[in-house]
Amino acid sequence: MDWTYIFFTVLKAVIMVTIFMSIAGYTVVAERKVASWIQERPGPNRTTLPIILAIPVIGRIVTRLGLIQLPADGGKFLFKEDPFPGHVNKVYFILAPIVALIPALTTMTVLPFGEITRDGVTVPLVLANLDVGMLFILAFSSLGVYGIILAGWASNSKYPFLGGIRASAQVISYELAMGMSLLPVFMWAGGTLNLFDLVEAQSGLLFGCLPKWMIFFQPVSALLFLTALFAETNRLPFDMPESETDLVAGFNTEYGAFKFGLFFVGEYAHVTMGSALFVVLFLGGWSLWPLNIFGLVDYPAGILGAVLSALVFMLKTFCLIFFFLWIRWTLPRFRYDQIMNLGWKRLLPIAIANFVVYAIAMAVYIRFFNQA
Amino acid sequence: MAEKEVSIADIANRSQLFEEELKGETMTINMGPSHPATHGVLRLKLEMDGEYITKCDPVIGYLHRGSEKIAENMTYTQFIPYTDRLDYLACVHNNVAFALAVEKLAKLDVPERCAAIRVLCCELARLASHLLGVGVYGMDCGALTVFMYTFTEREKIYSRLEELTGARLTNSYARIGGLARDIPDGWLGKVLETIESCERCIDDCDKLLTRNKIFYDRTVGVGVISKADAIAYGLSGPNARASGVTTDLRKDKPYSGYEKYEFDVPIGKEGDCYDRWLVRVVEMKESIRIIRQVVDTMPNGLWYNDEAKRIVAPRKDKVLTSMEELIQNFMIVTEGPQIPEGEAYFEAENPKGWLGFYLVSKGGGVPYRLKIRAPSFCNLSILPKLLVGHLVPDIPVILGSFDFVMGDCDR
């Protein structure tokens with residue numbers, strides 16, 4: 001192991017965290033803009049700096065789009081007084097927001113977001129191409145809930161406490177359905193848990209027109225996974241831990257300043273991560289569907305192909321993020337017990353049935369039609 | 001091998017012995033007076049077993065301003081702005097109800113045009129109040145966008161009221177024996193445009209929530225009030241009608257010419273939160289129907305009773321030009337409208353329920369005693385019974401479905 005390898009790995013990691021965090025941050029702005037668009041109001045459109053207004057046309061557009069809102073909000077979180085209510089357990093109180101954010105950043109390392117072809121060999125753009133990538137993601141993303149539970153516990157206050165309890169019950173219930181819904185996907189893809197192989201398996205065409213995306217082979221799994229994803233990321237209609245109409249702000253009631261900011265970014269990091277994961281699992285990663293009908297199957301070699309594939313991947317991810325935001329501003333919220341009912345009595349049995357049906361069907365297929 | 005018989009019944013019986021220990025502690029939680037679900041300054045002291053509510057103790061009075069006592073120290077006309085502050089979401093309706101109460105005491109009639117404009121204002125106020133109530137109800141269930149849609153429409157209605165009365169929120173439009181001013185030119189056409197856009201908005205909200213599975217699950221069977229309970233606790237307005245009580249003062253004891261207009265009164269069946277939603281949505285559509293009829297049949301004439309020289313102040317242009325009217329104006333401003341001795345109780349169908357004024361007069365321009373029957377106060381009295389056994393997330397839904405105003409409740 002030489003030093004240049006370590007240096008470049010660290011550099012890649014820093015670049016990726018930066019990009020990922022900016023996407024997560026701008027998801028916040030996007031949420032406000034989408035909400036305002038749905039609700040027929042302008043949304044954030046005034047935050048700006050004199051230096052930006054000085055740019056002739058772009059300055060105004062940037063201001064109108066609310067792009068300066070993110071640094072302004074971030075600055076606000078940084079410079080506000082950091083309050084410690086007298087009744088909190090300080091160590092866990094500080095630990096909680098960190099625990100909430102880190103899993104989303106950690107899972108990012110195994111997520112492939114593009115491919116690069118060099119000397120005829122195609123390798124994924126990913127920090128660590130783990131063979132057990134999906135297991136790693138499931139294992140780490142479920143740690144995120146500890147942040148919420150810790151926050152509820154450390155706040156030593158009743159509303160956060162209720163929020164923490166709800167979060168723990170909800171996330172654990174939906175983890176099961178999520179894991180179960182993914183089993184048929186990996187069986188279909190040939191038993192691999194490597195996310196890059198999964199994307200490779202989804203390239204190509206079905207009947208010459210439809211893409212070979214997993215969502216067409218595994219629609220039930222896709223629906224279950226998406227539902228569980230909403231519950232895992234605590235987004236409305238599953239935002240029990242911080243349902244603001246009854247629990248004020250749920251688990252983060254006692255938090256302020258940058259610690260609240262971490263929770264906030266953590267939620268959107270989870271949304272971004274979840275959307276990207278859904279794209280990898282069910283929407284064919286960076287395979288661009290309408291183009292490969294016309295024979296454009298592979299990305300060009302070298303940097304150009306890498307950038308193009310990453311852009312396609314991001315585009316798909318943004319569409320899914322928009323879907324998350326759209327749902328939030330359209331649907332009412334479930335009740336706590338209804339969420340548990342849905343998780344245990346509907347989603348889990350359907351996921352198991354889905355798994356069993358696919359397993360039998362594939363076993364029959366392999367036994368009688370395909371000796372390989 | 002000797003088999004030991006174990007019966008399930010035995011085990012069940014044994015577990016009953018430990019039931020007290022298994023229960024654990026209950027948690028006391030304080031909701032309000034500053035809490036998003038409580039719509040103002042209602043405070044609920046809740047005792048909870050996990051998420052289930054075992055006891056609810058509402059604390060009211062955080063917005064008490066002593067309106068009833070204030071009324072004893074000022075003339076009838078001066079009290080009209082204070083009625084704005086009762087149910088501040090339907091101010092015009094409160095003004096009209098108070099004016100009608102005083103007119104009942106003085107046995108005073110108003111011209112037809114005045115009555116028609118009053119009905120128009122009342123229904124606009126009902127529409128505005130229900131639009132907000134329905135929107136906030138949606139927000140309490142987590143559907144934030146419905147609130148924004150209805151709020152936009154409510155603002156349009158407030159713009160119409162502003163053109164009519166000069167104020168958006170605290171209108172103070174009615175006077176004893178008349179109205180502050182006539183409707184401006186071309187105003188009725190604008191009203192028609194406004195209610196048309198309101199109608200579209202109501203249909204949108206209907207589509208967004210009424211058949212929404214999540215909303216349905218959240219509200220059906222939640223907060224059920226039986227017909228007997230609704231009557232026993234003195235519920236009125238949409239909340240009582242949702243429980244199947246056929247009561248609407250506009251039909252039962254028509255005032256201000258409501259008998260001239262055709263409209264239906266929606267009556268619920270189950271008395272749950274869903275029925276209260278439906279009743280309000282249908283009631284808005286009926287309000288729009290009434291407004292259309294009033295606009296079509298708006299009579300001509302005066303908007304105040306010019307016979308009652310000791311009660312109704314004259315028009316300003318006449319005060320400035322004629323001696324007679326100047327004296328009349330002076331007497332009414334300094335001594336108040338001269339109401340004969342006696343007592344009267346009048347209640348009107350406010351958007352929230354029956355708003356009643358009980359007036360005692362010893363003659364002169366100042367009421368001797370005023371008692372206000374506030375609909376929100378009576379409607380909220382059922383909360384300790386209703387909330388027990390529900391989950392915490394049900395509280396915002398139930399409170400939202402009640403559509404109460406604390407300014408009205410605390411007075």
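Every heavy atom of this structure was used, including side-chain atoms; hydrogens, water molecules and symmetry mates were not. Reminder, nothing fancy here: chain letters follow the sequence lines and each chain counts from 1.
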Practice prompt. For A/F77, look at atom CZ and say whether over 12 heavy atoms of other residues, nucleotides or ligands are found less than 6.0 Å away.
Written response: yes
Worksheet item: Given that the side chain runs from C-beta out, which part of B/D217 has a heavy atom under 4.5 Å from chain A: side chain, backbone, both or neither?
Response: both
Worksheet item: If you count the non-hydrogen atoms of other residues, nucleotides and ligands that lie under 6.0 Å from CZ in A/F161, is the total more than 12?
Response: no
Item to complete: Mind listing the closest non-hydrogen atom pair of A/I38 and B/Y149 along with its distance?
Response: O-OH, 2.8 Å
Practice prompt. Heavy-atom pairs under 4.5 Å with chain A are the metric here; pick the option from B/L209, B/D394, B/L399 that has the most.
Written response: B/D394
Worksheet item: Does atom OH of A/Y146 have more than 12 heavy-atom neighbours from other groups under 6.0 Å away?
Response: no
Worksheet item: Are more than 12 heavy atoms from other residues, nucleotides or ligands located less than 6.0 Å from atom CZ of A/R346?
Response: no
Discussion item. Looking at every heavy atom in both A/Y159 and B/M31, which two are closest together, and how far apart are they?
Written reply: OH-CA, 3.3 Å
Worksheet item: Is any side-chain heavy atom of B/M27 less than 4.5 Å from a side-chain heavy atom of A/K158?
Response: yes
Fill in: Option among B/V397, B/I214, B/L391, B/V392 that satisfies the side-chain contact (heavy atoms from CB on, under 4.5 Å) test with A/R335
B/L391
Practice prompt. State, yes or no, whether a side-chain contact exists between A/Q338 and B/P393 at a heavy-atom distance under 4.5 Å.
Written response: no
Worksheet entry | More than 12 heavy atoms of other groups within 6.0 Å of B/Y52 OH | no
Worksheet item: Got more than 12 heavy atoms from elsewhere within 6.0 Å of CZ, B/F377?
Response: no
Worksheet item: When only pairs under 4.5 Å are counted, which of B/G400, B/C141, B/G138 shares the most heavy-atom pairs with chain A?
Response: B/C141
Worksheet entry | Test side-chain contact (heavy atoms from CB on, under 4.5 Å) applied to B/T152 and A/Q39, step by step | CA-CA 10 Å; B/T152 312; A/Q39 299 179 342; over 6 Å; no
Practice prompt. Can you tell which part of B/V222 gets under 4.5 Å to a heavy atom of chain A, answering side chain, backbone, both or neither?
Written response: side chain
Worksheet item: Does atom NZ of A/K76 have more than 12 heavy-atom neighbours, drawn from other residues, nucleotides or ligands, at distances under 6.0 Å?
Response: yes
Worksheet item: For A/R64, does the CZ atom sit with more than 12 other heavy atoms under 6.0 Å from it, leaving out its own atoms?
Response: no
Practice prompt. Taking B/T145 for its side chain and A/W329 for its backbone only, find out whether a donor-acceptor pair lies under 3.5 Å.
Written response: yes
Discussion item. A side-chain contact here means heavy atoms from C-beta on lying under 4.5 Å apart; do B/E51 and A/D337 qualify?
Written reply: no
